[in-house]
Amino acid sequence: MSDETVLEVSGLEVVYSTSKGDVKAVEELDLSVRRGEILGIAGESGSGKSTLAVALLRLLKPPGKVTAGSATFHRKGGSPVDLLKVQGEELRVLRWSALSYLPQGSMNSLNPVMRVEDQFKDVILEHAPERKETLSELIARLLDQVGLEPRVARMYPHELSGGMKQRVLMAICVALEPDLVVADEPTTALDVTIQRVILQSLADLRRDFGVTLMVISHDMGVHAQLADRVAVMYEGRLVEVGDVHQIFKAPRHDYTRQLIDSIPRLGRRAS
Amino acid sequence: MTAEKVIELRGVQQRFHARGTPDGYLTAVADASFRLDANPPQVVSLVGQSGSGKSTIARNVLGLQKPTAGTITYGGKDIFKLNRAEYDEYRRNVQPVFQDPYSIFNPFYRVDRVLWKAVKKFSLASTREAGQTLIEESLQAVSLDPGRVLGRYPHQLSGGQRQRIMLARIHMLRPAFVIADEPVSMLDAQIRKLFLDILLDFQRDHGMTTLFITHDLSTVYYLGGQVMVITKGEIVERGPVAEVMHTPSHPYTRLLLDSIPQPDPDARWTTRITVDESAATPPTDTAEEATPII
């Protein structure tokens, strides 16, 4: 991990307009993501974790809107851009190739009537048409990277289990070697053994591709296993950011402690 | 029948037609035998990964699916051969909580309807006022503010609130048995703990026995009581929770225990695992049946 910054978020504020006035989902949020790190975003439901992700990816839908702040994104070999301001073609080019997103419940994100290999092809040829010749080897290598056999390329999504679909998406996410992958609750709704396989694969992707990962999860166990640093959100604000050891061993904020303590844990009963 | 409120499964087997398998069948439950006693009230957890057959067992016990072999008895009588009155009593005494706190509600009706239906179907109150009081008491028993949930539509409530409305319904009915199929898998940590605490209160205060179906061992540990571990349609280990968790005898139980992400960055996994996920894929045409709307 270097000290080079991939993403610098500053003073971000996101509101949802309702008939009873605006609700602030993210407030005064400053956060930097370093190249090559796995940054965990923790917090309970409604704390603004997912809103933060969709705002950065420019996928926020009305009534949500960004009302303040900037998000400076430093891509390899390109000049820095403010993710909150890029428009049109520039934004389209950025997606997948520099910035990719593994959405929550991403097992539902695959196209049910396309073979896995065609879904890879769609993404890769759109952004890197020169890869056409080597496409099949690339797909096999990417699938292997997430622990899937090459034959999966010929399969349809309904032939795969939830954990396999999740890993196909992870492989698509890193296909173009993006600067940053944002994974929203990548293991929620998967059972423990599959969850462990997914976490293994995410760690492998960082080790082998040097992918920078932002992993959003309410499960503190996931952060403890995977993250280098953890940012804790509560009611739209960042209450604490720190090294994973510091967060778990010496949390500075009461809420962080509560979040860790609320996990029913083997070996003792939660208080 | 009050003296012998016991649900007993003997040699339950459930097969589904499935394409792509050697004999055209997929065995979801191979051979399951266990009993649930109402006395003393207890929590029995059934734990296993997706596709292990645990939800099929729940559907069998609830009488929603007749097993292909074996028997399920309640008070000594086969639940698929009960007469109308006996079946009503069974349905009243064996109540479900399902995984998805959304699909259980009809989106066109206010959430009150689920509670009023129970009041009417089981004649819990003689007047409207008494019914209203009962509903409000039950909502309070599950830490919901009646003023904030009654009159609302399902989409206006959070998943945790919707799941607790199902608990309020159970609180009104006071069944001997609760069959809870992955009730907390869609809830986050704080709400999950609240839900489990309410279930434990029900056991203590109202004498309910719960069959708790889950893939999450930390939840099992929190609940305590007895646990059965199921994989590939077979119960491979059973016993008191503390015993099974501390001295697991089956390799599958050990794998499950070892795969819980510990909230301790110094206790990261050092070994890698592979999972045969093709076995965990449900047969697409039969297993994913819709949850019945109550």
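Below, chains carry the letters A, B, ... as their sequence lines are ordered, and counting in each starts from 1.
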Asker: Mark yes or no for whether B/Gln262, through its side chain, and A/Gly221, through its backbone, hold a donor-acceptor pair below 3.5 Å.
Answerer: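 No, B/Gln262 side chain to A/Gly221 backbone: no donor-acceptor pair under 3.5 Å.
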Asker: Give, as side chain, backbone, both or neither, the part of B/Ala242 having an atom under 4.5 angstrom from any heavy atom of chain A.
Answerer: neither
Asker: Side chain, backbone, both or neither: which part of A/Ala203 has a non-hydrogen atom closer than 4.5 Å to chain B?
Answerer: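 Neither; nothing under 4.5 Å.
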Asker: Using a strict 4.0 Å threshold on nitrogen-to-oxygen distance, state whether B/Lys193 and A/Asp261 make a salt bridge.
Answerer: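 Looking at A/Asp261 together with B/Lys193, the answer is no, because their closest N to O distance does not fall below 4.0 Å.
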Asker: Need one label for A/Gln195: side chain, backbone, both or neither, based on atoms under 4.5 Å from any heavy atom in chain B.
Answerer: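 For A/Gln195, the contact with chain B is made by the side chain alone.
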Asker: Do the non-hydrogen side-chain atoms of B/Arg268 and A/Leu226 ever get within less than 4.5 Å of each other?
Answerer: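 No, side chains not in contact.
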Asker: Measure distances from B/Thr271 to the heavy atoms of chain A and classify the residue's part below 4.5 Å as side chain, backbone, both or neither.
Answerer: both
Asker: For the residue pair B/Asp264 and A/Ala224, what are the closest heavy atoms and their distance?
Answerer: N-CB, 3.3 Å
Asker: Should A/Lys249 and B/Asp266 count as side-chain neighbours, where that means a heavy-atom distance under 4.5 Å?
Answerer: yes
Asker: Of the backbone (N, CA, C, O) and the side chain (C-beta and beyond), which part of A/Asp204 lies under 4.5 Å from a heavy atom of chain B, both, or neither?
Answerer: side chain
Asker: Using a 4.5 Å cut-off on heavy atoms from C-beta on, say whether the side chain of A/Leu199 contacts that of B/Trp269.
Answerer: yes
Asker: A/Arg196 side chain to B/Ile260 main-chain N or O, any donor-acceptor pair under 3.5 Å?
Answerer: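 Checking the backbone N and O of B/Ile260 against the side chain of A/Arg196, no donor-acceptor pair under 3.5 Å is found.
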